[in-house]
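This report refers to the structure that appears directly beneath it.
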Amino acid sequence: MPPPALSYSALLHHAASTPRRPPPLLLLLPWRALLYPSATSARSYSRSAQEPRAGTTTPVPEGATPPVSKPPFYFEAGYALYHKRPSRPFPPPFLSLPSTSFSEPLSTHNKSRDRRPKVNGEMIRGVSNGDDAVLVSDYFIGANDGVGAWATKEKGHAALWSRLILHFWALQVEHANYDPEHEPNPVAYLEKAFEQTQQATSEPNQWYGTTTACAALLSADAHSPAHPVLYVTQLGDSQILVIRPRNKEVVFKTTEQWHWFDCPRQLGTNSPDTPRQNAVMDRIEIEEDDIVIAMTDGVIDNLWEHEVVENVVDSIDKWLHQKSSTDPDKEPAEQTYADGMRFVARELVNAARVIAEDPFAESPYMEKAIDEGLSIEGGKLDDISVVAAQCKRRKG
């Protein structure tokens, strides 16, 4: 039974209006599962070995329209991903199920076809990682964290929500007309992406989910076009971190947004949060060669900020040393920086994974839980997603 101080009607109102809650039609769950969803899930550290997936830019549809705006700076970027469980397959119509028999009239056994998920007839941008999603382009990177509790619901698809919002957000950025004289508006782009995701997940069938959102858009200063400017948008507890490697300095980091412990602001089903009301946008003047890290809470719940900075700087040095040792005739400037950023992202994911899978480790998540009076030890087993991007100037 719920505590005496909380009436049943109050509990219904609380559950229906608060993030990380199932819809009202699922109120048969115990009250503790409604108020403290993470408290009902057992933590298990017995897992088969899994190497992080990694890459540079995420796929773009063949023949895609070039972006309207082309900043004088760009990202050399890479990403790395490690999931606590595989992504739930997207439902139709986002993913067409394969034919079950060669004898079916609509069988496609006689030709190959694109099996990547689509929305509105176009390939969904980005890459899924469990319930997370990341996207990497020349000047726009993002990392969204879908709320995993939706995976237990019949129509719950947090991975779909996190991926679709990044997809539509990237399209809004590509279609936007901005330059050093006309600043971009990433929050407005996210608001439109949110509306498009709501529409896509309500017709013809309704799919539930919520996700945090964070992204960084690279442009140039209007008063000094030779200097890069970063537009960072944040809603929830994923994080953007800007590091200056030459002096191991944190130039900027986003601030986590919470309703309460383990319940960040998020976009989607039953959440009161919206980009226009709750997203925060920061404009940061950066330098060429600064490193921009977009990461979900699978990193920041397991590594403190100084550990992230140390890991990133050490990884850059290690990669440059390895490349130089392999081909000493090559100058560092001639090497592929995107490969270096992929290496940086993979090393950071591996460091977070070590703590996440250690039930006896000390972690930021454990520290926050203790501050809330909760007895939680060790790291937090979660999806771990990292995008590492280095700011570079376009030649010519």
Side-chain angles (χ1 to χ4, degrees), residues 19 58 75 77 79-81 125-137 139-147 158-159 161-170 172-173 184-194 197 209-219 229-243 250-259 263-268 271 273-284 286 290-301 303 305 308 312 345 348-349 352 364 382-389:
T58 48
F75 284 135
Y79 65 87
L81 313 169
R125 308 287 182 93
V127 176
S128 294
N129 176 45
D131 296 306
D132 291 356
V134 301
L135 186 140
V136 184
S137 70
Y139 54 93
F140 182 72
I141 62 172
N144 289 0
D145 182 1
V147 177
W161 270 82
S162 62
R163 181 88 168 267
L164 282 178
I165 283 184
L166 264 185
H167 165 81
F168 288 122
W169 201 358
Q172 289 296 315
V173 170
N185 190 345
V187 173
Y189 307 155
L190 177 58
E191 179 72 33
K192 183 64 176 178
F194 177 45
T197 301
T210 48
T211 180
T212 66
C214 77
L217 175 61
L218 187 59
S219 187
V229 172
L230 198 66
Y231 295 86
V232 175
T233 308
Q234 165 90 357
L235 191 148
D237 64 344
S238 294
Q239 189 175 87
I240 301 287
L241 193 67
V242 183
I243 301 171
V250 174
V251 177
F252 170 83
K253 73 170 182 177
T254 53
T255 301
E256 299 170 43
Q257 297 176 310
W258 296 89
H259 287 284
C263 181
R265 290 196 181 277
Q266 54 206 261
L267 301 174
S271 175
D273 304 321
T274 66
R276 184 172 286 112
Q277 293 181 340
N278 304 109
V280 175
M281 197 276 285
D282 292 281
R283 181 185 183 277
I284 308 104
I286 62 174
D290 282 353
I291 307 293
V292 183
I293 305 292
M295 51 192 171
T296 57
D297 64 348
V299 178
I300 61 177
D301 279 339
L303 298 176
E305 180 183 305
V308 173
V312 168
L348 188 55
V349 166
D382 202 351
D383 299 324
I384 305 172
S385 304
V386 173
V387 178

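Here the structure is a predicted model, which is why all the values come from computation and not from measurement. Basis for what follows: all heavy atoms, side chains included, without hydrogens, waters or symmetry-related copies.
Of all heavy-atom pairs spanning L166 and A133, the tightest one is CD1-O, 3.4 Å. Taking each heavy atom of V292 and A216 in turn, the nearest pair found is CG1-CB, 4.1 Å. Smallest separation of non-hydrogen atoms from R125 and H167: N-ND1, 2.9 Å. Scanning both residues, T274 and L235, for their nearest heavy atoms gives O-CD1, 3.7 Å. Summarising the geometry of L217 relative to P186, their closest heavy-atom pair is CD2-CG, 4.3 Å, with the distance given to 0.1 Å. Closest heavy-atom contact between G126 and L135: N-CD1, 3.8 Å.
A donor-acceptor pair under 3.5 Å is formed between the side chain of N129 and the backbone N or O of I384. Looking only at distances, a side-chain donor or acceptor of Q257 sits under 3.5 Å from a matching main-chain atom of N278. Side chain of D237 to main chain of E256: no donor-acceptor pair is present (N/O by atom type, distance under 3.5 Å, no hydrogens or angles). A donor-acceptor pair under 3.5 Å is formed between the side chain of D383 and the backbone N or O of D131. Here the side chain of S238 pairs no donor or acceptor atom with the backbone of T212 at under 3.5 angstrom. The backbone N or O of A193 lies less than 3.5 Å from no partner atom in the side chain of E191, so there is not a single donor-acceptor pair. T296 places no side-chain N or O within donor-acceptor distance of the main-chain N or O of D145, the cut-off being under 3.5 Å.
With contacts defined as side-chain heavy-atom distances shorter than 4.5 Å, the pair H259/D273 qualifies. Using a 4.5 Å heavy-atom threshold, the side chains of T197 and F168 count as touching. Annotation: side chain of D382 is in contact with side chain of D297 (closest heavy-atom distance under 4.5 Å). L348 is listed as a side-chain neighbour of L303, based on a closest heavy-atom distance under 4.5 Å.
A side-chain contact (heavy atoms from CB on, under 4.5 Å) with V232 is found for exactly one of T254, L241, V280, namely T254.
The CG atom of L230 sits 5.0 Å away from the CZ atom of F75 when rounded to the nearest 0.5 Å. For the atom pair CE (M281) and OH (Y231), the distance works out to 7.0 Å, reported to the nearest 0.5 Å. Taking CG of N185 as the reference point, atom CD of Q172 lies at 10.5 Å (rounded to 0.5 Å). Summarising the geometry, atom CD belonging to Q266 is positioned 10.5 Å from atom CD1 belonging to I165; distances are rounded to the nearest 0.5 Å. Considering OG of S271 and CH2 of W161, their distance stands at 9.5 Å, rounded to 0.5 Å. Once rounded to the nearest 0.5 Å, the distance linking CE of M295 with CG of D301 reads 11.0 Å.
Shown here are the side chain to side chain donor-acceptor pair (under 3.5 Å) partners of S128, two or more places apart in sequence or in another chain: R163. By the side chain to side chain donor-acceptor pair (under 3.5 Å) test, N144 is found to be paired with no residue, residues two or more places apart in sequence or in another chain being considered.
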Worked verdict on I141 versus Y79 for side chain to side chain contact (heavy atoms under 4.5 Å, CB included):
CA-CA 10 Å; I141 62 172; Y79 65 87; over 6 Å; no
Residue pair L190, L267: steps toward the side chain to side chain contact (heavy atoms under 4.5 Å, CB included) verdict:
CA-CA 10 Å; L190 177 58; L267 301 174; 4.2 Å; yes
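Below 30°, between 30° and 60°, or above 60°: for W169 and F140 the angle between ring planes is above 60°, a perpendicular geometry.
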